[in-house]
2 protein chains.
Amino acid sequence: MNIEGTRQVQGGIATDLKPAMSASPLVRKLGALCLLSEEEIEFLEGLQNNTLNADRGRDFIVEGKDLRTTFIVIEGWAIRYSVLSNGRRQILSYALPGDILGLHVNFRATATYSASALTPLKLSVVDPRRVIEISQKFPIIAAGLSWCTAREFAILGDQAVRLGRLSARQRLAHLFLELWHRFALIGDNNGDWLEIPMTQQDLADTLGMSLVHTNRSLKSLRDIDLISVEKDHVRLNNVKALIEMSEFNPEHLSEFEI
Amino acid sequence: MNIEGTRQVQGGIATDLKPAMSASPLVRKLGALCLLSEEEIEFLEGLQNNTLNADRGRDFIVEGKDLRTTFIVIEGWAIRYSVLSNGRRQILSYALPGDILGLHVNFRATATYSASALTPLKLSVVDPRRVIEISQKFPIIAAGLSWCTAREFAILGDQAVRLGRLSARQRLAHLFLELWHRFALIGDNNGDWLEIPMTQQDLADTLGMSLVHTNRSLKSLRDIDLISVEKDHVRLNNVKALIEMSEFNPEHLSEFEI
DNA sequence: CCTGAAGTATAACCTATGTTACATCATCGG
DNA sequence: CCGATGATGTAACATAGGTTATACTTCAGG
């Protein structure tokens with residue numbers, strides 16, 4: 001909604017200036033916050049030179065194991081999750097292109113979560129020491145990363161609200177809205193259609209529900225015509241109504257005025 | 001109650017040892033990670049000069065309003081929470097002495113959560129620009145703050161696991177264990193006894209349950225003798241059993257090897 | 001073109017948790 | 001010392017959501 005506006009601004013800038021176009025999603029994301037200098041863009045792109053491809057289902061961070069790497073998502077979706085000893089899984093968050101995993105990894109030796117590729121995934125692998133370097137040499141980028149961190153907190157906080165205080169149907173709607181708004185920011189939005197590469201089991205593990213009830217609740221959202229579902233895609237038929245019924249707060253994901 | 005106690009400890013130490021001892025909880029917390037230089041300690045203490053007292057129940061961060069301040073908890077408990085339009089509240093996390101609220105506030109203009117004093121609270125009020133200053137001048141402190149951030153993520157992730165995948169009794173046990181371990185780090189642990197300044201309604205709002213069911217579940221934990229309850233305190237009668245039954249993972253809160 | 005594996009759909013039944021209602025117990029200002 | 005207010009305890013009943021079971025559908029690989 002109000003993100004529409006910002007996306008267009010972004011798009012406008014992107015078509016005008018060359019470098020931003022070929023830019024990695026991270027540069028596009030940070031570039032949406034404030035103009036980046038050539039030097040800053042170059043540094044950010046250079047940071048992402050070392051890439052890694054992961055097949056669907058491949059874990060690249062494993063809870064309890066050493067983690068001394070920062071990953072930046074270039075293409076595809078990843079999930080952050082945790083598995084209990086009884087086998088139940090809780091997906092904590094989705095990482096989309098431009099998102100960073102392990103930004104604050106410097107000291108902490110062991111991962112407190114696992115991460116795996118939900119779709120074929122292209123990651124860049126960054127030495128966290130280079131992240132530290134940033135704060136000294138590129139204050140603007142540092143501020144951008146700090147904003148990313150605040151945003152991750154907001155997203156995870158929303159996830160807690162979903163899990164703690166929303167009904168099954170609300171949780172689904174709320175999650176779809178979150179993803180829809182997040183895609184809007186990186187300019188990858190496709191009208192009301194939203195790519196949903198996860199299975200219903202994944203959705204269930206995200207929203208703290210059973211597979212059966214996830215299916216039931218999806219159906220009931222379809223029945224009242226709030227969403228339409230097609231292979232790997234969901235259409236948000238009435239964003240306003242969805243926002244209202246799910247108590248979604250778009251402000252948590254909107255940009256800020258500098 | 002035990003705030004009395006901890007204050008005394010603090011006070012007691014303060015009279016004994018000069019520098020490290022009169023230290024603020026934040027200095028103690030970071031000092032537990034790595035030795036801090038005199039200069040670093042001085043800077044951190046200076047950072048916290050500007051203090052503010054808040055009565056129980058007083059909101060000092062309000063969701064949706066401008067937030068351009070960083071707060072450090074000096075004494076007492078705070079909660080971070082979010083209220084839905086239907087009036088339901090979800091408590092996201094507890095802030096204990098040494099914890100920082102709004103560390104990544106620089107850019108983002110509006111708060112995505114509220115925060116309020118759960119007990120009489122002493123906060124220090126910090127200009128976020130001074131936080132930025134840190135990363136340039138005090139790399140060790142910057143690394144410590146980065147570790148704090150990673151830890152907050154781990155704690156919030158655990159909260160999501162609780163809400164999404166644990167039963168009511170497990171949630172209670174899991175939360176108590178989290179708090180117990182967190183107090184252990186700042187050295188304010190009182191044996192198996194744990195201060196619980198929150199009401200059962202607060203607990204319910206933390207764990208995504210109703211007040212009645214919170215009461216029921218507490219009783220059932222008492223009945224099987226895993227905990228004992230006394231005014232504002234809980235005794236963890238069998239930490240090992242509690243860890244097992246609640247699938248708590250102490251690693252998420254443990255320190256790291258440098 | 002068939003087969004098996006993974007995903008989706010749906011029904012029937014069960015249980016954990018929510019809701020409403022009320023009693024009891026502290027605490028605190030007057 | 002009293003009454004009001006907020007917190008805790010518990011019972012009875014209602015329901016959202018979990019579980020088990022079984023089809024159906026898609027799709028990749030032989």
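These numbers were taken from a predicted model, which means no experiment stands behind them.
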Is any side-chain N or O of B:Arg222 under 3.5 Å from a base N or O of D:dG9, one able to act as donor and the other as acceptor?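 No, no donor-acceptor pair under 3.5 Å.
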
Any donor-acceptor pair under 3.5 Å joining the side chain of B:Arg216 to the base of C:dG18?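 It does, because a donor-acceptor pair links the side chain of B:Arg216 to the base of C:dG18 below 3.5 Å.
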
Please report, rounded to the nearest Å, how far the [atom2] atom of [N] is from the [atom1] atom of [X].
| X | N | atom1 | atom2 | answer |
| --- | --- | --- | --- | --- |
| A:His233 | C:dT8 | NE2 | C1' | 17 Å |
| B:Leu203 | C:dG18 | CG | P | 13 Å |
| B:Lys231 | C:dA26 | NZ | C1' | 9 Å |
| A:Asp232 | D:dT25 | CG | C1' | 14 Å |
| B:Gln201 | D:dT8 | CD | C1' | 12 Å |
| A:Glu230 | C:dT8 | CD | P | 14 Å |
| A:His213 | C:dA11 | NE2 | P | 15 Å |
| B:Gln170 | C:dA16 | CD | P | 12 Å |

Could you tell me whether [X] contacts a base, only the sugar-phosphate backbone, or nothing, with contacts defined as non-hydrogen atoms closer than 4.0 Å?
| X | value |
| --- | --- |
| A:Gly57 | nothing |
| A:Ser167 | sugar-phosphate |
| B:Thr199 | sugar-phosphate |

Does the side chain of [Y] come within less than 4.5 Å of [X]'s, by heavy atoms?
| X | Y | value |
| --- | --- | --- |
| A:Leu96 | A:Val73 | no |
| B:Ile227 | B:Leu218 | yes |
| B:Glu152 | B:Asp99 | yes |

Closer to the 5' end of DNA chain D via nearest nucleotide, is it A:Leu166 or A:Val212? A:Leu166

N/O (side chain, A:Gln200) to phosphate O (OP1/OP2, C:dA9) under 4.0 Å: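 Indeed, a polar side-chain atom of A:Gln200 lies that close.
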
Less than 4.0 angstrom between a side-chain N/O of B:Asn215 and OP1 or OP2 of D:dG9, yes or no? yes

With a 6.0 Å cut-off on ring centres, are B:Phe60 and B:Phe71 close enough?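 When the ring centroids of B:Phe60 and B:Phe71 are compared, they turn out to be within the sub-6.0 Å range.
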
Given 3.5 Å as the limit, does a donor-acceptor pair link the side chain of B:Asp202 with the main chain of B:Thr199, or not? yes

Can you work out whether A:Arg165 or A:Leu218 has the more 5'-proximal nearest nucleotide on DNA chain C?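 Result: A:Leu218.
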
